[in-house]
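Single-structure report; data block below.
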Amino acid sequence: MAKYIFVTGGVTSSLGKGIIAASLAKLLQARGLTATIQKFDPYINVDPGTLNPYEHGECYVTEDGAETDLDLGHYERFLSTPTSQANNVTTGRIYQTVINKERAGEFLGKTVQVVPHITDEIKRRMLLLGQDGKFDIVITEIGGTVGDIESTPFIETVRQIQWELPEEDVMVVHLTLIPYLNAAKELKTKPTQHSVRMLSETGVHPDVIVCRTEHPLNDDIKRKIALFCNVKAGNVIESLDASTIYEVPLLMLKEQLDLIVLKKLNIQNFKDADLTKWNIFLDKLKHPKATINIGLIGKYIELQDAYKSILESFIHAGAMNEVKVNVVNVHSEDLTAENVNEQLTGLHGLLVAPGFGNRGIEGKIVAVKYARENNLPFFGICLGMQMAVIEFARNILHLKGAHSVEMDPNTEHPVIDMMEDQKRITMKGGTMRLGSYPCTIAKDTLAYKIYGQTNINERHRHRYEFNNTFLKLFQENGMVTSGINSDLGLVEIVELPKHPFFIGVQYHPELKSTVEYPAPLFVHFIAAAKALAAKKA
Ligand code: GLN
């Protein structure tokens, strides 16, 4: 059986529990152990799939088609190992399971209660990934902040697990904030003391306290925290603000978080941390040879988390190309045929983002037209690809009012249509075309040049598709459908060979980009933008 590490947070939210969990897992992986990370979220939604990106940022989709929290994206980007539905559990899912069991009569007439029935189901899921021998370590991030009403059953379950498992098989890492009071010129430990006290009142005792801070903590402060919070002196570590999240594993290595964990869990079989690939990436990231400007055309640009995986993919692909990718956010609602020249000037590439619904749609189409006519490297993802198809239909095929039936159900030219089996679906959650699907790439295409192979798998999250009724018309007029799902007969990739770099994909390549394996589409898109920037210079 695996050993279990729980990561809780105190004082405030947004301290970066996900990054600390991912960094710790990375270090353990670098030492030769296998680790996975899961997130338990306290909200009632069964998964974040139905949440507005403004509420919760991007919805991250796993290989098996689970709609999950964006922290799972960090886990995969750090570890390069896939997660699954089992890695993200919400209160809603727990209750749904328990209530379904109750309806099936499985509780045999008993009163169903938070303790033990809800906590038993939480426990079953918290321990699940550690039971088939696949992982040495299972790290569980508990969403929310200690003291929240919603997370109480999760924390209670951690208490039970800490009590039930041998001491060397379980530990708790608590992340807090040490604020700096400018007026007093002092770092303050009181909020941390309170948050640890609150955690202790629930019966959970942290083994390690990781302190987020803008200023280094001296030994006196660490000792004080250790004393008042009842942890070993060496087990209070600082997590200084970093210039990039990808530096955090190195900061944690310096603080010896991995060694503290290995000692507590009594793991003796490990090697020196091998972070060679990681360090090569970081070195390139920190020493770019040029800067390029990429326009990100979207409708959620006020909230950067809405495009988390795309932004991280730019960072991976930028490092690979040794350039800094300066992302210029362009609100699709503000973009019109009249102002497009002015708005998009100075860019070296254009990415039209995924999305849902009508808002900002015409702006996206205007942006595609601009990129196509001005030989600007273009990359459309999901809705972005659909907009490239619509733009081509309207302006090259002269199909007036061509649209997606998502935006205009009565369009005369539904070049993007709903899949047949989607038409029968009425429920919203988990019902899109989700998860990994194979795609066959045609030789002598840009897509083939990018992937270097004919068979790929990429992840999906959409309801609408290229309408094959129009396939011939598009092909005859110069749009190449270079990637096809042959099982379902669906167009997955479109490109324009006369253009230096114009590609749209129905899937989400950003979901598979990791530090050590950047997504090829992003790498080539950034390379094309880099080439344009060099030409212009
Ligand atoms: N709204 C479009 C669809 O459902 C695109 C979805 C997306 O961009 N993820 O097909």
Side-chain angles (χ1 to χ4, degrees), residues 47-62 65-68 70 73 296-301 303 305-311 313 332-333 350-365 367-368 378-391 393 402-409 411 414-437 439 458-468 470 483 485 488 490-494 503-513 519 521-522:
D47 63 40
T50 52
L51 286 169
N52 185 325
Y54 284 125
E55 290 272 327
H56 206 67
E58 164 189 278
C59 171
Y60 186 79
V61 179
T62 55
E67 297 183 286
T68 71
L70 56 76
L296 174 63
I297 320 291
K299 69 166 177 177
Y300 304 113
I301 54 168
L303 185 79
D305 273 359
Y307 299 116
K308 195 76 200 163
S309 292
I310 290 177
L311 297 176
S313 301
S332 48
E333 268 186 306
L350 205 63
L351 187 146
V352 177
F356 295 84
N358 220 347
R359 191 165 64 92
I361 278 296
E362 293 304 321
K364 285 188 170 173
I365 298 173
V368 178
F378 168 82
F379 184 11
I381 297 184
C382 208
L383 185 69
M385 173 267 200
Q386 297 175 355
M387 293 308 114
V389 169
I390 292 167
E391 193 278 327
H403 222 318
S404 161
V405 295
E406 178 183 6
M407 326 301 164
D408 180 1
T411 172
V415 290
I416 302 292
D417 199 3
M418 194 180 258
M419 279 174 72
E420 233 10 81
D421 46 353
Q422 278 287 337
K423 290 182 184 159
R424 292 185 288 275
I425 291 171
T426 50
M427 297 292 268
K428 291 277 184 250
T431 57
M432 281 186 251
R433 183 179 173 209
L434 286 167
S436 182
Y437 282 87
C439 169
E458 292 279 11
R459 298 184 198 168
H460 292 248
R461 182 173 189 251
H462 54 101
R463 269 182 226 288
Y464 300 86
E465 306 279 351
F466 184 96
N467 183 346
N468 283 331
F470 294 88
N485 178 311
L488 304 168
L490 297 171
V491 172
E492 308 284 36
I493 312 177
V494 297
I503 195 159
V505 295
Q506 185 57 80
Y507 50 82
H508 291 267
E510 73 276 21
L511 300 175
K512 279 174 71 168
S513 188
L521 271 162
F522 278 86

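Whatever order the structure lists them in is the order used to number ligands and atoms, beginning at 1. What you see below is based on every heavy atom in this structure, not just the backbone, and it leaves out hydrogens, waters and symmetry mates. Bear in mind that the values here come from a model prediction, so they are computed numbers and not experimental data.
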4.0 Å heavy-atom contact, Gln386 with ligand 1: yes
Pair Ser332, Arg359: side-chain N/O donor-acceptor within cut-off below 3.5 Å: no
Non-hydrogen atoms of Ala519 and Pro509 that approach each other most closely: CB-O, 3.7 Å
For atom 4 (O) of ligand 1, closest protein heavy-atom neighbour: Arg463 N, 3.0 Å
Val405 versus Pro414, closest heavy-atom pair with distance: CG1-CB, 3.6 Å
Whether Tyr54 and Tyr300 hold their rings parallel, tilted or perpendicular, with breakpoints at 30° and 60°: perpendicular
Mode of His508 contact toward ligand 1 - side chain, backbone, both, neither (heavy atoms, under 4.0 Å): side chain
Ligand 1 to Met432 polar contact by distance, N or O atoms, under 3.5 Å: no
Closest contact, heavy atoms only, Glu458 versus His508: OE1-O, 4.3 Å
Atom 5 (C) of ligand 1 [closest protein heavy-atom partner, distance rounded to 0.1 Å]: Gly355 O, 3.3 Å
Tyr60 backbone acceptor or donor facing Arg459 side chain under 3.5 Å: no
Those atoms of ligand 1 less than 4.0 Å from some heavy atom in Glu406: 1 (N), 2 (C), 3 (C)
Ligand-side contact atoms (ligand 1) for residue partner Cys382, heavy atom cut-off under 4.0 Å: 5 (C), 6 (C), 7 (C), 8 (O), 9 (N)
Distance filter under 4.0 Å to Phe356 heavy atoms, resulting ligand 1 atoms: 1 (N), 4 (O), 6 (C), 7 (C), 9 (N)
Candidates Gln422, Gln386, His460, Arg433 - the one meeting side-chain hydrogen bond (donor to acceptor under 3.5 Å, both in side chains) with Glu465: Arg433
Residue pair Leu311 / Leu296, side-chain heavy-atom distance below 4.5 Å: yes
Atom indices of ligand 1 within 4.0 angstrom of His462 heavy atoms, with elements: 3 (C), 4 (O), 6 (C), 10 (O)
Region of Arg461 engaging ligand 1 - heavy atom pairs below 4.0 Å: backbone
Heavy-atom nearest neighbour in the protein, as seen from atom 10 (O) of ligand 1, with distance rounded to 0.1 Å: Tyr464 N, 2.9 Å
